[in-house]
Amino acid sequence: MKRHVFSTAAFSGALLAAASFASPAVAQDRYITIGTGGQTGVYYVVGQSVCRMVNRGSDDHNIRCNAPSTGGSVANVNGMKSGELDMGVVQSDVQYRAYHGEANFEEDGAWEEMRSVFTMHGEPLTVVARANSGIENISDFPGKRVNIGNPGSGQRNTMDVVMDAFGWDEDTFALASQLDAAEQAAALSDNNIDAMVYVVGHPNGSIQEATTTVDARLVPVTGEEIDALIEEYPYYTRSVIPGGLYRGNDEDVETFGVAATFVSSTDVDEDVIYETVKAVFENFDRFKRLHPAFENLNEEDMISDGLTAPLHDGAERYYRERGWIE
């Protein structure tokens, strides 16, 4: 009887020991979420591509990544601040304002916990207008039907700045629609708007759709007001959209823009960021092949350009190991 009782107890103990031994392995699985943008934009591809690199090594580091579609830059900042997102793709100007607590982030104050990870592709402000709209330059917008972008998106944030520079408000336009990125190409094709704006890398599927389904042209974004913006704000640069990328648009188009940046916060574990950065740069050639906007990426620019917030400790650790920073 005692032997039987002892054996039962030993068996129970063994089960408990096995459970105790197994549970840390389960606990080691870490799930991270990256905020992106609309599914037709490059931000979505950035998040999916980073996750693809991270998930290739999940058996080694036990980090599993997903990158759902979101409302864009501002929504990603707010998602990281609330803890719903671990990382996000954010325009360089939105990063600057969030970190310093300016413009639409003024009420909440500076987000000093924001941390830079790396910079991605350049993103010019892209204006597409129906060929019969009479819009030859962004300065022709007054009195037209313009999609200025959905609240929380990078294009809306940039358009707000442009509108302030020109002294415009929503009443300046015959219609100031607030469609998201995935809806505006169809609206242009259906003649519901005269022009759409998109802060995006090229080539882009939404711009491709807009110029394929209707006679439309990419419109220059130039003038004294734009020159003043570039002079005043360090995160803006002049940009040229190459001709030949889209039907009916054979000439280069001058505009200005920002950069897509990949950011996180001090709340995210250093090892998670380290493994994320490592996954991208240890598979860099593979990563660059995932979208045409990534083709001209180089490591030197990615760890410096457009980064307002300090580097995350995990990113800094990897860059020091590679000898890219001191």
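Remember, it's a predicted structure, so these values are computed and weren't measured experimentally.
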*Asks:* Report whether Val272 and Leu85 are members of the same hydrophobic cluster (ILVMFWY, side-chain heavy atoms less than 4.5 Å apart, transitive linking).
*Replies:* no

*Asks:* Would Thr33 and Asn66 count as having a side-chain donor-acceptor pair, cut-off 3.5 Å?
*Replies:* yes

*Asks:* Are Arg145 and Asp194 ion-paired here, with the side-chain N under 4.0 Å from a carboxylate O?
*Replies:* yes

*Asks:* Would you say the side-chain atoms of Glu275 pair up with the backbone N or O of Val54, donor to acceptor, closer than 3.5 Å?
*Replies:* no

*Asks:* Which heavy atom of Asn76 sits nearest a heavy atom of Val89, and at what distance?
*Replies:* ND2-O, 2.8 Å

*Asks:* Check whether any side-chain heavy atom of Ile34 sits under 4.5 Å from a side-chain heavy atom of Phe262, and report yes or no.
*Replies:* yes

*Asks:* Do Tyr235 and Trp111 share a hydrophobic cluster (ILVMFWY, side-chain heavy atoms under 4.5 Å, transitive)?
*Replies:* no

*Asks:* Can a donor-acceptor pair be found, under 3.5 Å and without considering hydrogens, that links the side chain of Asp267 to the backbone of Gly83?
*Replies:* no

*Asks:* Between Ser189 and Val214, is there a donor-acceptor pair closer than 3.5 Å when you use the side chain of the first and the backbone of the second?
*Replies:* no

*Asks:* What heavy-atom pair brings Asn137 and Thr222 nearest, and what distance separates the two atoms?
*Replies:* ND2-OG1, 2.9 Å

*Asks:* Mind checking whether Tyr198 and Val258 sit in one hydrophobic cluster, side chains of I, L, V, M, F, W, Y counted as touching below 4.5 Å?
*Replies:* no

*Asks:* Is there a donor-acceptor contact under 3.5 Å from the side chain of Arg247 to the main chain of Gly244?
*Replies:* no

*Asks:* Any salt bridge between Asp313 and Arg317, counting N to O under 4.0 Å?
*Replies:* no

*Asks:* Charged N to carboxylate O under 4.0 angstrom, Glu299 versus Lys288?
*Replies:* no

*Asks:* Looking at Glu254 and Arg238, is any side-chain nitrogen of the basic one under 4.0 Å from a carboxylate oxygen of the acidic one?
*Replies:* no

*Asks:* Go through the steps to decide whether Asp93 and Gln91 satisfy the test side-chain hydrogen bond (donor to acceptor under 3.5 Å, both in side chains), and finish with yes or no.
*Replies:* CA-CA 5 Å; Asp93 56 334; Gln91 282 180 202; 2.8 Å; yes

*Asks:* Please confirm whether the backbone N or O of Phe118 pairs with a side-chain atom of Ser116, one donor and one acceptor, at under 3.5 Å?
*Replies:* no

*Asks:* Quick check: does any side chain N or O of Arg30 sit under 3.5 Å from a backbone N or O of Asn62, one acting as donor and the other as acceptor?
*Replies:* no

*Asks:* Under a 4.5 Å cut-off applied to non-hydrogen side-chain atoms, are Phe166 and Phe141 in contact?
*Replies:* no

*Asks:* If you look at every heavy atom in Tyr236 and Ile230, which pair is closest and at what distance?
*Replies:* O-CG2, 4.1 Å

*Asks:* Could you tell me whether Arg56 and Glu282 make a salt bridge, using a distance below 4.0 angstrom between a side-chain N and a carboxylate O?
*Replies:* no

*Asks:* Taking Cys65's backbone N and O only, do any of them form a donor-acceptor pair with Asn55's side chain (distance below 3.5 Å, no angle check)?
*Replies:* yes

*Asks:* Linking I/L/V/M/F/W/Y whenever their side-chain heavy atoms sit closer than 4.5 Å, directly or via other members, would Val50 and Tyr43 fall into one cluster?
*Replies:* yes

*Asks:* Could you check whether any side-chain heavy atom of Arg97 comes within less than 4.5 Å of a side-chain heavy atom of Val161, counting everything from C-beta outward?
*Replies:* yes

*Asks:* Report yes if the distance between the aromatic ring centroids of His202 and Tyr246 is under 6.0 Å, otherwise no.
*Replies:* yes

*Asks:* Verify, without hydrogens or angle tests, whether Arg217 (side chain) and Val128 (backbone) share a donor-acceptor contact under 3.5 angstrom.
*Replies:* no

*Asks:* Shortest non-hydrogen contact from Ser69 to Gly37?
*Replies:* OG-O, 2.7 Å

*Asks:* With a 4.0 Å cut-off on N to O distance, would you call Arg156 and Asp160 a salt bridge?
*Replies:* yes

*Asks:* Does the Asp190 side chain pair with the main chain of Asn192, one donor and one acceptor, at a distance under 3.5 Å?
*Replies:* no

*Asks:* Any idea which heavy atoms bring Ile241 and Leu218 closest together, and the distance?
*Replies:* CG2-CD2, 3.7 Å

*Asks:* If hydrophobic clusters are built from ILVMFWY residues whose side chains come within less than 4.5 Å, do Ile325 and Tyr274 share one?
*Replies:* yes

*Asks:* What heavy-atom pair brings Thr36 and Pro68 nearest, and what distance separates the two atoms?
*Replies:* OG1-O, 2.6 Å

*Asks:* Would one find more than 12 heavy atoms of other residues, nucleotides or ligands at under 6.0 Å from atom CD of Glu251?
*Replies:* no

*Asks:* Does Arg115 reach the side chain of Leu311, with side-chain heavy atoms less than 4.5 Å apart?
*Replies:* no

